[in-house]
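Everything below concerns the one structure shown next.
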Amino acid sequence: MTDRVILTYGTFDLFHVGHLRLLKRLSALGDKLIVGCSTDEFNSIKGKSTAIPYAHRVEILEACRYVDQVIPEEDWAQKRDDVQRYGVGLFAMGDDWAGKFDELRDLCDVLYLPRTENISTTELKALIQAMRGPASS
Ligand code: CTP
């Protein structure tokens, strides 16, 4: 039997427990987990700025025991190519993306997992900002 390859994408800025739990749950669903990490250039196209540069976000993801391979996410259109190139059997994202990638169902299974509640990079950034206080903002 061939290995079941799982593919997910994200920015993974300020790596937090919501990211970790998603990757842990995904890795349990197959044999190899590939993570597409958004490059700094792609994030700026998306109107998103990151605290942690791409190379560091990749380094952290590669050190995560649940991740087998990290690839760059450079544009919206690469997903179909990546699914075919890496022999992906399951494409999965957190459920903030529910329904957004159903078009890939002709190529592989598509799954949206519930997000971990009460944590996100956006919330962490707001918290850090608040901790710095009004004087430093
Ligand atoms: N994710 C999750 N639970 C969270 C936060 C994120 O399961 N609490 C998942 C997302 O659904 C996505 C992946 O982790 O599939 C990467 O998400 P990313 O956008 O990098 O993280 P967020 O914390 O959601 O970042 P932001 O606040 O900038 O949107």
Side-chain angles (χ1 to χ4, degrees):
M1 220 176 87
T2 53
D3 283 354
R4 182 166 166 86
V5 178
I6 301 166
L7 177 63
T8 193
Y9 294 90
T11 300
F12 299 95
D13 191 25
L14 297 174
F15 193 92
H16 57 68
V17 77
H19 296 147
L20 185 70
R21 289 178 185 168
L22 177 86
L23 298 174
K24 182 177 183 178
R25 284 180 290 164
L26 290 181
S27 74
L29 297 176
D31 303 292
K32 179 178 180 183
L33 175 59
I34 302 177
V35 178
C37 181
S38 305
T39 62
D40 296 333
E41 293 75 16
F42 184 48
N43 276 318
S44 52
I45 289 168
K46 289 191 284 185
K48 212 169 177 176
S49 65
T50 51
I52 310 295
Y54 173 72
H56 293 185
R57 288 182 284 113
V58 168
E59 203 174 325
I60 291 164
L61 284 166
E62 284 177 342
C64 177
R65 69 167 69 172
Y66 306 114
V67 176
D68 296 291
Q69 188 176 351
V70 181
I71 61 171
E73 183 188 27
E74 296 172 295
D75 64 65
W76 291 111
Q78 76 185 68
K79 294 184 178 70
R80 290 191 78 81
D81 285 348
D82 287 346
V83 164
Q84 292 172 95
R85 177 176 304 130
Y86 296 103
V88 170
L90 173 64
F91 178 93
M93 299 285 290
D95 62 5
D96 45 326
W97 293 96
K100 295 279 185 344
F101 302 107
D102 287 355
E103 81 217 6
L104 299 172
R105 286 192 196 278
D106 60 325
L107 297 176
C108 62
D109 294 333
V110 176
L111 182 68
Y112 306 98
L113 293 180
R115 284 168 64 95
T116 299
E117 286 180 17
N118 301 320
I119 186 149
S120 71
T121 300
T122 304
E123 285 175 51
L124 282 179
K125 284 180 178 169
L127 188 65
I128 292 164
Q129 187 67 30
M131 288 169 76
R132 294 174 72 197
S136 57
S137 61

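Heavy-atom basis, side chains included; hydrogens, waters and symmetry copies ignored. We count ligands from 1, going down the list as the structure has it; atoms in each ligand are counted the same way.
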Which heavy atom of the protein is the closest neighbour of atom 21 (O) of ligand 1, given with residue, atom name and distance? H19 NE2, 2.8 Å
D96 N/O to ligand 1 N/O under 3.5 Å: yes
Other than V70, which residues form its hydrophobic cluster under the rule that side-chain heavy atoms must be closer than 4.5 Å? I6, F12, F15, L20, L22, L23, L26, L29, L33, V35, Y54, V58, I60, L61, Y66, V67, L90, L111, L113
For atom 4 (C) of ligand 1, the closest protein heavy atom turns out to be I119 O, 3.6 Å
Looking only at non-hydrogen atoms, find the nearest pair between R57 and S38 and report the distance. NH1-O, 2.8 Å
Take every heavy atom of R21, measure it against each atom of ligand 1, and state whether any distance is under 4.0 Å. no
Return the CE to CG distance between M93 and L7, rounded to the nearest 0.5 Å. 9.0 Å
So, regarding W97 and ligand 1 (criterion: nitrogen or oxygen to nitrogen or oxygen, under 3.5 Å), is there a contact or not? no
Please report which non-hydrogen protein atom sits nearest to atom 27 (O) of ligand 1, along with the residue it belongs to and the distance in Å to one decimal place. T122 OG1, 2.5 Å
In Å and rounded to the nearest 0.5 Å, what is the NZ to CG distance from K46 to D75? 11.0 Å
Between atom OH of Y86 and atom NZ of K32, what is the distance when rounded to the nearest 0.5 Å? 8.0 Å
When you measure from atom 9 (C) of ligand 1 to every protein heavy atom, which one gives the shortest distance, and what is it? L22 CD2, 3.8 Å
For S120, the ligand 1 atoms whose distance to one of its heavy atoms is below 4.0 Å: 23 (O), 27 (O)
Side chain or backbone, does G94 bring an N or O within less than 3.5 Å of an N or O on ligand 1? yes
What do we get for H16 next to ligand 1 when only non-hydrogen atoms under 4.0 Å count, side chain, backbone, both or neither? side chain
Under a 4.0 Å threshold between the charged nitrogen and the carboxylate oxygen, would D82 count as salt-bridged to R85? yes
Yes or no on side-chain contact (heavy atoms from CB on, under 4.5 Å) for E41 and E74, after CA distance, side-chain angles and deciding distance? CA-CA 7 Å; E41 293 75 16; E74 296 172 295; over 6 Å; no
Quick one: which of R25, R115, E117, M93 has a heavy atom closest to atom 5 (C) of ligand 1? R115
Could you go through C64 and H19, starting from their C-alpha distance and side-chain angles, then the distance that decides it, and tell me whether this counts as side-chain contact (heavy atoms from CB on, under 4.5 Å)? CA-CA 10 Å; C64 177; H19 296 147; over 6 Å; no
Looking at K48 and D13, is any side-chain nitrogen of the basic one under 4.0 Å from a carboxylate oxygen of the acidic one? no
Under 4.0 Å from one or more heavy atoms of T11, ligand 1 contributes atoms 20 (O)
Take every heavy atom of K48, measure it against each atom of ligand 1, and state whether any distance is under 4.0 Å. yes
Looking only at protein heavy atoms, which one is nearest to atom 20 (O) of ligand 1, and what is the separation? F12 N, 2.8 Å
State whether the shortest distance between N or O atoms of T8 and N or O atoms of ligand 1 falls below 3.5 angstrom. no
Would you say the ring centers of Y9 and F91 fall short of 6.0 Å from each other? yes
Would you say T116 and ligand 1 have an N/O pair spaced under 3.5 Å apart? yes
